[in-house]
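Indexing begins at 1, ligand by ligand and atom by atom, following the structure's order.
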Amino acid sequence: TKVIVGLGSCGIAAGANKVYNKFKELKEADNLDFELAKTSCIGMCFREPLVEVVDENGSMIYGDVDEEKAIDIIQQHVLGHNPIKEYVVKTDQFETPDQTYFDGQVKIALRNCGYIDPENIHEYEARGGYQALKKLAHESITPEQVIQTIIDSGLRGRGGGGFPTGMKWRFARANQSDEKYIICNADEGDPGAFMDRSLLEGDPHAVIEGMIIGAYAIGANQGVIYCRAEYPLAIKRLNIALDQAREHGYLGKNIMGIQGFNLDIYIKEGAGAFVCGEETALMASIEGKRGMPSKRPPFPAEKGLWQRPSNINNVETFANVPYIVANGPESYNKYGTEKSKGTKVFALTGKIKHGGLVEVPMGTPLRDIIYKLGGGIQNDKKFKAVQLGGPSGGCIPEHLIDIQVDYEQVNATGAIMGSGGMVVMDETTCMVDVARFFLDFTQKESCGKCTFCRIGTKRMLEILTRITEGEGQEGDIEKLEELALQVKESSLCGLGQTAPNPVLTTIKYFRHEYEAHIRDKK
Ligand code: SF4
């Protein structure tokens with residue numbers, strides 16, 4: 001019998017370390033015959049701490065486990081072979097009330113999260129890990145063939161931009177240089193987003209293998225993971241995984257016997273600036289400069305880090321790559337819509353019953369994500385809107401809940417897919433407050449380079465603040481709209497270009513709330 005405790009940040013925050021220690025104490029005190037193991041988050045953050053018991057009958061995952069329940073699990077299930085059905089949140093053996101959380105999910109990027117010990121490379125390998133890399137060597141697959149596979153899969157950048165990954169790799173490959181860089185953007189900073197953190201904590205080798213394959217495809221010999229310092233557990237597990245990858249010959253010289261394929265990867269910790277998620281600012285930060293965006297062209301594929309050709313993808317993008325290379329592009333592009341292929345990971349937060357991480361095929365109706373997987377709205381209140389794409393995104397109101405979530409349909413609403421954070425709001429939420437919250441965030445995070453982003457967002461925030469404080473004036477909404485357009489059009493980087501989105505979408509869909517604040521002076 002194996003007892004596995006979920007020790008992602010979400011589990012630890014809910015008390016999983018205490019639970020793990022309880023199991024350890026019980027095992028050692030009576031020299032009990034079961035294996036105690038660790039994993040990371042399986043996505044059900046709303047039920048943490050989670051504990052899985054695997055025995056001859058299969059698997060059962062218990063939710064909301066505390067030290068007392070740990071004792072019950074040992075006595076009744078592990079020793080008594082009598083599972084405690086009322087604690088079970090997931091099993092193949094019977095239906096649980098939380099089962100709907102998994103219905104409709106397709107786990108590709110998250111395929112190993114919650115199933116393996118992320119600090120044990122053998123567990124990653126046992127589930128097919130590093131098979132894609134080995135396939136490159138054993139089947140003499142050329143870099144061009146790898147790029148074509150990624151193009152055929154339809155994979156688009158999961159950091160928010162949605163640019164075709166294979167095309168990006170092709171541009172980077174086309175630029176000759178003795179030094180090239182492959183960079184992983186793990187500077188996840190959107191309020192409400194934790195997809196990258198969970199992936200890095202739960203399956204760091206998938207991201208590393210994706211980077212190694214990317215390096216082979218573009219001809220890079222150096223890799224950097226730019227990870228925000230606020231993710232200490234992710235950084236710890238990445239460092240362990242990198243050491244293991246070096247020991248097993250997945251990093252180093254002539255990797256997998258491929259002559260001239262040399263690569264090492266190191267981690268650069270970000271210092272907390274949201275703008276460093278922008279490619280050029282991120283590279284400036286790696287170089288030790290202030291993290292400020294610069295003009296493009298030249299694009300990173302031509303002159304990136306240290307003026308050398310570079311390619312940047314985000315965590316989720318890289319995590320998909322080994323699966324696609326190992327299983328072929330059809331294994332991925334059979335999911336999704338015409339222009340948005342594959343799956344997407346979303347972080348569900350806010351006023352939703354099942355807060356956590358889900359992975360669904362592109363094109364899944366928003367309604368299913370909110371009501372089936374997400375379980376609906378807390379306290380059975382009415383759904384009002386969802387903020388998609390963080391502070392760069394926008395809100396999607398209730399009457400659009402039947403859109404299919406893909407790049408095209410989300411963009412058509414005025415929001416953006418972003419990296420996949422979904423902050424759900426109920427009928428009690430003031431949408432002007434929501435717009436103010438997100439603009440306050442981007443205003444503080446503006447690097448100050450462009451006048452409109454620096455000062456325009458400040459003026460917009462002042463107007464929003466006075467509206468929410470009951471001091472709004474006639475004409476304020478029009479001023480907000482005018483300023484928003486100027487900020488969008490006159491900003492150099494994505495931060496400024498998208499900062500007004502929450503304001504514009506809330507005015508578009510909830511103008512009456514702005515008007516009520518101004519009219520009623522409250
Ligand atoms: Fe900096 Fe804003 Fe200009 Fe981007 S748009 S470069 S964050 S001032």
- Report yes or no: is the cationic atom of Arg228 (NZ for Lys, CZ for Arg) under 6.0 Å from the centre of the six-membered ring of Tyr231, at an angle within 45° of the ring normal? yes

- Think Lys444 forms a cation-pi with Phe441, using NZ or CZ under 6.0 Å from the six-ring centre and within 45 degrees of its axis? no

- Give me the one residue out of Arg466, Arg459, Lys458 that meets side-chain hydrogen bond (donor to acceptor under 3.5 Å, both in side chains) with Glu462. Arg459

- Under 30°, 30 to 60°, or over 60°: which ring-plane class applies to His354 and Tyr101, parallel, tilted or perpendicular? perpendicular

- Residues two or more places apart in sequence or in another chain: which of them pass ring-ring contact (aromatic ring centres under 6.0 Å, His included) with Tyr216? Phe261

- Do the side chains of Tyr181 and Asn311 get nearer than 4.5 Å, heavy atoms only? no

- Task: Collect the protein residues that have a non-hydrogen atom under 4.0 Å from ligand 1 and hand them over in chain and number order.
- Result: Val275, Pro293, Ser446, Cys447, Gly448, Lys449, Cys450, Cys453, Ser491, Leu492, Cys493, Leu495, Gly496

